[in-house]
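Owing to the predicted nature of the structure, the values given are computational and were not obtained by experimental measurement. The sequence lines fix the lettering, A, B, ..., with proteins before strands; numbering per chain opens at 1.
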Amino acid sequence: MSEVRVRFAPSPTGQFHVGSARTALFNWLYARHTGGKFVLRVEDTDQQRNTPDALQALMDGMRWLGLDWDEGPEAGGEVGPYFQSDRGAIYQEYIEKLKASGRTYEKEGALYFRLEGERYTEFDSHLGQEVEKVKAAPQIIDDMIRGKVERAEERDFVIVRSSGDPVFHLVNVVDDLTMGITHVIRGEDHLSNTSKHCELFHALGAEPPRFAHIPLILKSTGKGKMSKRDEGALIEQYIAEHFVPDAVRNYLCLLGWSPKNDREIMPINEIIRNFDFGGVSQSNAKFDHEKLTHMNAEYLKSLPIEAFAEKAAQVLPAQMVNDVYPEYLTDVMGLVQAKVNRLTDLPSLVGYFFSDSFENDPKVGEKLAKKSDPIVKAKDIRAGFALIEDPNWSVEALEQACVSCADAAGGKKFDYFPMLRYAVSGSGGGPDLLPMLKVLGKNRVLDRLDTYIGGVNS
RNA sequence: CACCCUAUCGUCUAGUGGUUUAGGACUCCGCCCUUUCACGGCGGCAACACGGGUUCAAAUCCCGUUGGGGUGACCA
């Protein structure tokens, strides 16, 4: 059995769509699973849209997802060039072969591929005119996901435009042939055109590769397949929003593929080991941004605290973290790591750890004022905290102080909690209170209690 | 209009003729924990599109209908 060779053949337009990313991913997984080669081939025949920037964005996106290629731009390889724009001579050579085989003819300046079979004329409602059709023998597509699919082409088709440029169907087949591609893994939107490709392979005296047409990713709301304009459709967006790349990749793996053992959050090695076309779904899947976000949160939680703090530092405003000890940042992040879904939620979550000028939530303030004497309580607990001698300002010492105050007032320690939280953070929710006070430190806590006491009186 | 693909909870899916009161995950809801909460624990709602067959037995096989998706370019 010869080595598996798969390819991802994007047309770099500057935007890396999740659908393309998943096609790349499944190719990559199959190559890694089988120990084969993953080829990156750039379909840059559309000079208008394909810029160096666009290529860079595509490669950045692939690398961000951890999809490394064995042959292609910046990697080299034996069967290049890997840019279609550099392969003109190769296409010409194969066009000549096709001409020599007698399967082509010219019409209105374009070169057509001629189907074999009985010809007839018919009105085509889609084209709105009479066209010549052919009763060609059906091509049998050997698809690893869908089994044997039979489809017959019924019209001759253009392989070289009157401008002299070869069309997609031709270059795709020639490239796959000359690059020794053994398995073509692509979106189901290509399935109907595969019969054209099989015709061309056979006309060139070659056996078509095996195919795997993977289901499409559909819009999460509304109809049709996902497009670049839909929310969450672009890999660039996840990079910009500091998603965990492994989380995005993990989610994409599960969109249309299942390990069939109820496992979802998996290290990539486990996915590679289990990846197989038997696990690929035959039906299309809707994109679910919430599940992706959940998966991102899971990956965030499992990060070592140092790594989490490092990532957090990238999304927090510079003035927040610049003149702060790294240990302080790590401590703060330890408080919120398990609670955050996206890193970009962080700034609004932890502002009060870094600045005294935080917003007070008026609703929480009102609710607090309705309870009994928050100011008296604040004064009591402020006095109690001031007496703490433990230089570590530990959670235990803080709790003890609360208990003492509560005993003296004939209440419970929790009587002070909502007020304390509001006084130091302006908010009604957040991390566990006592650890949060410890991280904030004695000076900050006492100062903010003073502000609260004074602020409410005035 | 034609051709091709497809059809299990709202969503992603497990299920390849009997082990299934159809399992897991996201979402949602409830309870517990916490007199905070965006964490955690426990629990709940929720599906085999429809109609025919085949079979002792069908979510699973076949046919049809309906729904969804794709393709039908001198785009890729």
Side-chain angles (χ1 to χ4, degrees), chain A residues 9-11 13 43-46 49 84 107-112 122-128 131 133 138 141 143 145-147 149-155 157-169 171-172 186-196 213 215-221 223-225 251 254-265 278-279 281-295 297-298 301 335-342 345 349 364 371 412-422 425 427-433 436:
Chain A
S11 178
T13 58
E43 307 214 332
D44 59 345
T45 49
D46 185 343
R49 293 190 302 171
Q84 286 187 340
K107 191 171 115 189
E108 293 163 4
L111 190 68
Y112 279 73
E122 189 181 77
F123 181 80
D124 186 302
S125 60
H126 183 255
L127 267 34
V131 291
K133 294 193 173 178
I141 299 155
D143 195 286
I145 295 168
R146 287 149 214 289
V149 177
E150 286 192 26
R151 186 171 187 281
E153 282 300 314
E154 53 179 21
R155 293 184 63 212
F157 54 93
V158 173
I159 52 174
V160 182
R161 286 187 270 267
S162 50
S163 66
D165 297 320
V167 305
F168 162 76
H169 302 298
V171 298
N172 204 264
R186 47 159 53 152
E188 199 212 277
D189 48 348
H190 288 290
L191 184 54
S192 294
N193 282 145
T194 303
S195 40
K196 284 189 184 72
H213 285 95
L216 266 21
I217 298 178
L218 269 25
K219 290 178 199 290
S220 39
T221 55
K223 287 186 159 227
K225 64 175 177 174
Y251 175 71
L254 259 23
L255 202 55
W257 174 77
S258 164
K260 299 177 184 285
N261 56 190
D262 287 346
R263 293 268 294 154
E264 293 204 330
I265 310 265
S281 167
Q282 300 185 294
S283 56
N284 299 339
K286 286 192 180 181
F287 191 81
D288 186 347
H289 201 264
E290 290 195 334
K291 187 149 187 176
L292 203 195
T293 301
H294 166 261
M295 207 159 263
E298 293 295 323
K301 267 184 250 177
L335 255 22
V336 297
Q337 182 176 14
K339 292 176 181 265
V340 69
N341 285 328
R342 303 178 209 78
D345 292 343
L349 228 49
V364 179
K371 295 195 174 182
K412 290 180 290 185
K413 65 174 179 179
F414 296 121
D415 296 342
Y416 301 95
F417 278 33
M419 174 275 298
L420 274 170
R421 178 179 298 284
Y422 181 69
S425 74
S427 147
D432 286 341
L433 182 68
M436 169 180 154

Value in whole Å for how far the [atom2] atom of [N] lies from [atom1] of [X]:
X: A/Asn261; N: B/A14; atom1: CG; atom2: P; answer: 11 Å
X: A/Leu191; N: B/U6; atom1: CG; atom2: P; answer: 9 Å
X: A/Asp432; N: B/C39; atom1: CG; atom2: P; answer: 13 Å
X: A/Leu218; N: B/C5; atom1: CG; atom2: P; answer: 18 Å
X: A/His213; N: B/G70; atom1: NE2; atom2: P; answer: 15 Å
X: A/Lys107; N: B/C74; atom1: NZ; atom2: C1'; answer: 11 Å
X: A/Asp262; N: B/A25; atom1: CG; atom2: P; answer: 8 Å
X: A/Glu122; N: B/G72; atom1: CD; atom2: P; answer: 18 Å

Would you indicate which nucleotide in [options] comes nearest to any side-chain atom of [X]?
X: A/Ala285; options: B/A76, B/C12, B/U6; result: B/C12
X: A/Val158; options: B/A76, B/G69, B/C74; result: B/C74
X: A/Ser281; options: B/U13, B/C74, B/C26; result: B/U13
X: A/Ser125; options: B/C26, B/C1, B/G72; result: B/C1
X: A/Arg151; options: B/U6, B/C4, B/U13; result: B/C4
X: A/Asp288; options: B/U13, B/G24, B/U11; result: B/U11
X: A/Lys223; options: B/A7, B/A73, B/G68; result: B/G68
X: A/Asn284; options: B/G69, B/U13, B/C26; result: B/G69
X: A/Lys291; options: B/A25, B/C39, B/C5; result: B/A25
X: A/Lys260; options: B/G15, B/C74, B/C26; result: B/G15

[X] near the nucleic acid: base, sugar-phosphate alone, or nothing, with a heavy-atom cut-off under 4.0 Å?
X: A/Arg421; result: base
X: A/Glu290; result: sugar-phosphate
X: A/Pro431; result: base
X: A/Glu108; result: base
X: A/Leu292; result: nothing
X: A/Gly109; result: nothing

According to a cutoff of under 5.5 Å between the ring centres and under 30° between the ring planes, does A/His126 stack with the base of B/A2?
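A/His126 vs B/A2: stacking no.
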Watson-Crick or G-U wobble partner of [N], both distances under 3.5 Å:
N: B/C1; value: B/G72
N: B/G51; value: B/C63
N: B/A57; value: none

Please determine if a side-chain N or O atom of [X] lies less than 4.0 Å away from the OP1 or OP2 oxygen of [N].
X: A/Lys301; N: B/G40; value: yes
X: A/Lys225; N: B/G70; value: no
X: A/Arg263; N: B/A25; value: no
X: A/Arg161; N: B/C75; value: yes
X: A/Gln282; N: B/C5; value: no
X: A/Lys286; N: B/C12; value: no

When you compare [N] with [M], how far apart are their [atom1] atoms, in angstrom units rounded to a whole number?
N: B/C31; M: B/C45; atom1: C1'; result: 15 Å
N: B/C56; M: B/A49; atom1: C1'; result: 28 Å
N: B/A14; M: B/U19; atom1: C1'; result: 15 Å
N: B/A46; M: B/C9; atom1: C1'; result: 5 Å

Can you name the closest pair of heavy atoms from [X] and [Y] and give their distance?
X: A/Lys301; Y: A/Gln337; answer: O-NE2, 3.5 Å
X: A/Glu188; Y: A/Leu216; answer: N-CD1, 3.4 Å
X: A/Pro259; Y: A/Leu254; answer: CD-CD1, 4.2 Å

Per nearest nucleotide of RNA chain B, the residue lying toward the 5' end, A/Leu433 or A/Glu298, is A/Leu433
Using heavy atoms to find the nearest nucleotide of RNA chain B for A/Tyr112 and A/Ala152 separately, return the residue whose nucleotide is more 5′.
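Closest to the 5' end, via its nearest nucleotide, is A/Ala152.
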Among side-chain atoms of A/His213 and A/Thr194, is any donor-acceptor pair under 3.5 angstrom?
yes
Any N or O donor-acceptor pair linking the side chain of [X] to the base of [N] at under 3.5 Å?
X: A/Ser192; N: B/G72; result: no
X: A/Ser162; N: B/C74; result: yes
X: A/Asp44; N: B/A76; result: no

Can the ring centroids of A/Phe287 and A/Tyr251 be said to lie less than 6.0 angstrom from one another?
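Yes, they do, as the ring centres are separated by less than 6.0 Å.
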Could you check whether any side-chain heavy atom of A/Leu433 comes within less than 4.5 Å of a side-chain heavy atom of A/Leu420, counting everything from C-beta outward?
yes
Between A/Glu122 and A/Arg155, does the salt bridge (Lys or Arg N to Asp or Glu O under 4.0 Å) criterion hold? Intermediate values first, please.
CA-CA 11 Å; A/Glu122 189 181 77; A/Arg155 293 184 63 212; over 6 Å; no
Take A/Arg151 and A/Glu153 through the salt bridge (Lys or Arg N to Asp or Glu O under 4.0 Å) test and state the conclusion after the steps.
CA-CA 7 Å; A/Arg151 186 171 187 281; A/Glu153 282 300 314; 2.9 Å; yes
